[in-house]
Amino acid sequence: MRAAAQSLLSAVAQATVAEANAALAQLAEHILLDDLSRAAFLALVCGALVEQGCDPSVLNQPLNQRLRALLEASARLADACIARIPELEGEDNPAETFAKARQQVADAMPLEDAAWQALDLFWRPAIAVFSVSRAARAEARGLRDLAAKIANYHEGGHWLQLMLSVLDDEPLLAIEPHTRLGMLARMSGIVDNFQLHVLLMDTFPHAGILPRRRVPKRVADVARGLGPQQTDDTVTGNWNLYTWKAIEPDLRLPDPSDYGASVYWIWNEGSPEDIPVFEGYRVVLLGPASYSRSWGCQRMFDKLPASLDVERRLAKSEVTDWLQRMAAAKGVS
């Protein structure tokens with residue numbers, strides 16, 4: 001099977017796009033084989049074809065159907081293991097504790113345990129498909145809660161939950177209150193707020209006539225999925241990021257030295273999905289940094305493109321109007 005797969009992948013590299021897509025369509029029909037090991041192997045080959053540029057749309061339905069069955073079975077196994085964990089109290093390593101519980105229940109739940117093991121292979125081609133296709137991510141969004149049930153115990157559950165939490169075409173409002181600069185934008189494919197912070201530094205309007213880049217183009221390209229997955233660059237954040245509820249009655253942000261206001265911080269370690277919505281927009285308020293925050297230049301998923309597309313730069317009067325409405329809403333709440 002491995003030799004046949006390698007021969008196929010080599011042939012696809014020399015084939016036309018139509019021929020490659022036809023090969024993928026033929027293989028996709030067999031992802032639902034009863035034999036999980038063979039089906040998983042085929043899924044891996046399909047994932048490799050997608051990474052070579054094949055159209056992933058033929059995989060959406062069979063892959064999602066297979067993932068749902070595997071995740072449902074794996075969630076049942078996880079529930080049974082968690083029920084056993086109190087009997088294993090005193091164990092220092094949670095992962096080892098779960099593994100011991102799984103050993104205890106596996107014989108009584110062979111189908112669920114087989115699904116758990118098969119998911120170790122299936123999640124990788126799924127990430128390949130979801131990385132390159134917004135449509136596939138949208139169709140699979142309903143699997144996210146199932147993946148979350150096992151995310152603390154299964155690597156595949158973790159990565160699938162993370163991928164399926166990515167927002168696409170999401171409205172964003174970014175404002176720097178002390179300069180009255182602001183923009184309306186749409187973000188897609190951004191996995192975490194480190195990545196969002198980089199893209200904000202690259203796209204947010206500048207004050208002054210001769211603005212300088214806040215980050216090198218190669219750093220912005222990594223965040224956008226245009227360059228390598230990581231470089232040796234170190235990124236230093238430009239701002240504290242705040243939720244809209246940080247705005248004060250005088251339309252200012254808290255003093256950066258006021259660490260009590262951290263309740264309103266948007267943490268780089270979080271995700272855009274965590275950012276509260278105000279009047280239909282995820283709102284990010286930009287203030288002076290409380291301290292220097294630096295991180296490595298990288299993105300979470302290699303093949304997942306990200307974008308922060310500016311729709312319109314706001315006039316200062318519009319920025320003031322937005323801030324006034326936020327302050328009024330905060331006062332009511």
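What you see is a predicted model, and the numbers here were worked out from it, not measured in a lab. These numbers come from the heavy atoms of this one structure, side chains and all, not from hydrogens, waters or symmetry mates.
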(message) Using 30° and 60° as the class boundaries, would you call the ring planes of Trp159 and Phe301 parallel, tilted or perpendicular?
(response) perpendicular
(request) Following the transitive rule for hydrophobic clusters with a side-chain heavy-atom cut-off under 4.5 Å over Ile, Leu, Val, Met, Phe, Trp and Tyr, establish whether Leu121 and Val129 coincide in one cluster. (result) no
(message) Would you say Leu146 ends up clustered with Phe98 if hydrophobic residues are merged whenever their side chains have heavy atoms under 4.5 Å apart, either directly or through other cluster members?
(response) yes
(request) Spell out, yes or no, whether Leu241 and Val235 are grouped together once hydrophobic residues are joined by side-chain heavy atoms under 4.5 Å, including indirect joins. (result) yes
(message) Can you tell me how far apart CZ (Phe278) and CG (Leu173) are? Round to the nearest 0.5 Å.
(response) 9.0 Å
Check residues 264-272 and write down every donor-acceptor pair under 3.5 Å in which the side-chain atom is one partner and the other belongs to a residue at least two apart or another chain.
| from | atom 1 | to | atom 2 | distance (Å) |
| --- | --- | --- | --- | --- |
| Asn268 | OD1 | His197 | ND1 | 3.2 |
| Ser271 | OG | Asp274 | OD2 | 3.4 |

(message) Using modelled atom types and a 3.5 Å cut-off, is there a donor and acceptor pairing between side-chain atoms of Lys330 and backbone atoms of Ile247?
(response) yes
(message) Quick check against the 3.5 Å criterion: does Asn21 have a side-chain atom that pairs as donor or acceptor with the backbone of Asp55?
(response) yes
(message) Using every non-hydrogen atom in the two residues, find where Pro125 and Gly47 come nearest and quote the distance to one decimal.
(response) CB-CA, 3.9 Å
(request) Taking the side chain as every heavy atom from C-beta outward, state whether Val263 and Lys245 have any pair of such atoms under 4.5 Å apart. (result) no
(message) Rounded at 0.5 Å granularity, tell me how far CD in Gln104 sits from CD1 in Ile85.
(response) 10.0 Å
(request) With rounding to the nearest 0.5 Å, note down the distance linking CZ in Arg137 to CG in Leu167. (result) 10.0 Å
(message) Between Leu160 and Phe122, is there a side-chain heavy-atom distance shorter than 4.5 Å?
(response) no
(message) Please evaluate residues Asp202 and Val219 with respect to the criterion side-chain contact (heavy atoms from CB on, under 4.5 Å), reporting the C-alpha separation (whole Å), side-chain torsions for both, the decisive distance (0.1 Å), and the verdict.
(response) CA-CA 9 Å; Asp202 193 53; Val219 171; over 6 Å; no
(request) Identify whether NZ of Lys or CZ of Arg in Arg293 sits under 6.0 Å from the centre of the six-membered ring of Tyr291 and within 45° of that ring's axis. (result) yes
(message) Could you check whether any side-chain N or O of Ser290 sits under 3.5 Å from a backbone N or O of Pro256, counting only pairs where one atom can act as donor and the other as acceptor?
(response) yes
(request) Start with the C-alpha distance between Trp123 and Leu70, add both sets of side-chain angles, then the distance that settles side-chain contact (heavy atoms from CB on, under 4.5 Å), and finish with yes or no. (result) CA-CA 10 Å; Trp123 73 261; Leu70 294 178; over 6 Å; no
(message) Are more than 12 heavy atoms, taken from residues, nucleotides or ligands other than Arg213, located less than 6.0 Å from that residue's CZ atom?
(response) yes
(request) Begin with the C-alpha distance, continue with both residues' side-chain angles, and end with the deciding distance and a verdict on side-chain contact (heavy atoms from CB on, under 4.5 Å) for Tyr153 and Arg102. (result) CA-CA 11 Å; Tyr153 309 104; Arg102 185 178 152 215; over 6 Å; no
(request) Write down the atom of Asn64, the atom of Ala140, and the distance for their closest heavy-atom approach. (result) OD1-CB, 3.6 Å
(message) Please report the interatomic distance CE(Met163) to CD1(Ile127), rounded to the nearest 0.5 Å.
(response) 4.5 Å
(request) Kindly indicate whether the side chain of Leu200, heavy atoms from C-beta on, has any atom under 4.5 Å from the side chain of Asn238. (result) no
(request) Using a 4.5 Å cut-off on heavy atoms from C-beta on, say whether the side chain of Arg68 contacts that of Gln65. (result) no
(message) I need the minimum non-hydrogen distance between Cys46 and Ala28, along with the two atoms involved.
(response) SG-N, 4.2 Å
(message) Would you say that Glu29 contacts Pro62 through its side chain, given a criterion of any heavy-atom pair below 4.5 Å between the two side chains?
(response) no
(message) Looking at every heavy atom in both Glu273 and Arg282, which two are closest together, and how far apart are they?
(response) O-NH1, 2.8 Å
(request) Kindly say whether Ile31 contributes a backbone atom to a donor-acceptor pair with the side chain of Arg66 at under 3.5 angstrom? (result) yes
(request) Assess whether atom OH of Tyr281 is packed by more than 12 heavy atoms of other residues, nucleotides or ligands within 6.0 Å. (result) no
(request) Would you kindly confirm whether Leu172 and Val310 end up in one hydrophobic cluster when ILVMFWY residues are joined by side chain heavy atoms under 4.5 Å apart? (result) yes
(message) Looking at Asp192 and Gln195, would you say the former's side chain and the latter's main chain have a donor-acceptor pair under 3.5 Å?
(response) yes
(message) Give me the atom names and distance for the closest heavy-atom approach of Gly189 to Val166.
(response) CA-CG1, 3.4 Å
(request) Could you tell me whether Glu311 and Arg186 have a side-chain N and a carboxylate O separated by less than 4.0 Å? (result) yes
(message) Any non-hydrogen side-chain atom of Leu49 less than 4.5 Å from a side-chain atom of Leu9?
(response) yes
(message) Determine whether a donor-acceptor pair (N or O, by modelled atom type, separation under 3.5 Å) exists between the side chain of His206 and the backbone of Arg212.
(response) yes
(message) Would you compute the distance between atom CZ of Arg313 and atom CG of Leu181 and round it to the nearest 0.5 angstrom?
(response) 5.5 Å
(request) Please report the shortest heavy-atom distance between Ser294 and Thr236, naming the atom on each side. (result) OG-OG1, 3.1 Å
(message) Within the 3.5 Å criterion, strictly below it, is a donor on Arg180 or Thr320 matched to an acceptor on the partner's side chain?
(response) yes
(request) Using a 4.5 Å cut-off on heavy atoms from C-beta on, say whether the side chain of Val191 contacts that of Arg299. (result) no
(message) Between Asp321 and Arg325, does the salt bridge (charged side-chain N to carboxylate O under 4.0 Å, His left out) criterion hold? Intermediate values first, please.
(response) CA-CA 6 Å; Asp321 183 57; Arg325 299 206 304 272; 2.2 Å; yes
(request) Kindly indicate whether the side chain of Arg134, heavy atoms from C-beta on, has any atom under 4.5 Å from the side chain of Asp169. (result) yes
(request) Could you state whether Tyr242 and Val319 fall into the same hydrophobic cluster, counting links through intermediate Ile, Leu, Val, Met, Phe, Trp or Tyr residues with side-chain heavy atoms under 4.5 angstrom apart? (result) yes
(request) Mark yes or no for whether Gln298, through its side chain, and Gln229, through its backbone, hold a donor-acceptor pair below 3.5 Å. (result) no
(request) Could you tell me whether the side chains of Arg218 and Thr231 share a donor-acceptor contact shorter than 3.5 Å? (result) no
(message) Once rounded to the nearest 0.5 Å, what's the spacing between atom CG of Leu44 and atom CG of Leu27?
(response) 12.0 Å
(request) Enumerate the residue pairs fulfilling ring pair (Phe, Tyr, Trp, His ring centres under 6.0 Å) with a member in residues 49-82, sequence neighbours excluded, ordered by first and then second residue. (result) none
(request) Test side-chain contact (heavy atoms from CB on, under 4.5 Å) on Leu286 and Thr179 and set out the steps. (result) CA-CA 10 Å; Leu286 311 173; Thr179 62; over 6 Å; no
